[in-house]
Amino acid sequence: MTEAPVLDRASAQVRSEIEPEPSGTFERVLTGVFTGVPFLALLAAVPLAWTWGLLGWSDVAIGAVFYFITAAGITVGFHRHFTHGSFKAVRPLRIALALAGSLAIQGPVITWVSDHRRHHKYSDKEADPHSPWRFGSDWKALTKGLFWAHYGWFFDEKRTSQERFSPDLLADKDIRRIDRAFPALVAVSFLLPAVLGGLITMSWQGALTALFWASFVRISMVHHVTWSINSICHTFGVKDFEVRDKSRNVWWLAILSLGESWHNLHHADPTCARHGVLPGQVDISARIIWTFEKFRWASDVRWPNAARLANKRAVRQG
Ligand SMILES: [Zn+2]
Ligand SMILES: [Zn+2]
């Protein structure tokens, strides 16, 4: 009798953090199309490049530039700036980061930030939107959980409450406008590389191969690298710092994820602008923030604090 009211209050709180309206079927079909079709292109990429040689230098160049801009839009923008406030940004930079992150096609900025704040609040507990440990810890449950954390959770009908998790972003007119313009930005992310490819090579074939490589393949690569932080970095890797969840540091994803795979430190010290804080832990996003700071576009950067980190260092690693 004494415990029941406490549990009731806890679940009432979690319930209040979910939007009353569940996500609709149409929304979930769109999610499937805009994530699934680029993934098919990613699967077809290797035979196409090797067998038919349909990969020109302009495709590689446009693809690399769009990969870098959109991945950094997520890591520096959506994640370190908007979700965690690791640094303040001047207005044009704040807008550019919201636009660049939207081009990664991982959902509108306020949705992304709300989900990620809920992830930190409940990491690897029941109300975490994407924990790989959701179904249990035996190999079968964990296999299912890895798929859930990587991709399945996008089709969950429970949507995170934006009022509860992102009142700061809802109060920002520019950010709300970019959030609403998401469908147009999805179109830009698919079509702009094709336009550039066509103009650079002055050919329809150049436009088509750029659409394939720099749009479809690039979008799917950014998707799966970001999603690996939710799946792989909460299951495998090294525990360098003390955390209450299963977040781990994964070295082999560091370059592609622009430093986000130092995810164990990130959960130990979420507002820190640098995630790769130990010697040899390359963190390209931190270098980008450092560059913004030099130009005075970023301020109040929360760089690592040696004393704080020493306190959080894990005694037993692995
Ligand atoms: Zn995490
Ligand atoms: Zn985070």
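In each ligand, atom 1 is the first atom listed, and ligand 1 is the first ligand listed.
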Hey, mind stepping through Val238 and Arg248 against side chain to side chain contact (heavy atoms under 4.5 Å, CB included) and telling me if it holds? CA-CA 5 Å; Val238 178; Arg248 297 291 182 264; 5.9 Å; no
What protein atoms of element N, O or S are positioned under 2.8 Å from the Zn ion (ligand 1)? His119 NE2, His234 NE2, His263 NE2, His267 NE2
Any side-chain donor-acceptor pair under 3.5 Å between His234 and His267? yes
With no hydrogens and no angle check, just 3.5 Å: does a side-chain donor-acceptor pair link Thr160 and Arg117? no
Between the side chains of Thr111 and Gln162, is a donor N or O closer than 3.5 angstrom to an acceptor N or O? yes
Run the numbers on His84 and His116 for side chain to side chain contact (heavy atoms under 4.5 Å, CB included), then give the verdict. CA-CA 9 Å; His84 294 295; His116 193 67; 3.4 Å; yes
In terms of ring plane angle, is the pair Phe292 and Trp297 parallel, tilted or perpendicular, where the classes change at 30° and 60°? tilted
What angle sits at the Zn ion (ligand 2) between NE2 of His116 and NE2 of His79, to 10°? 80°
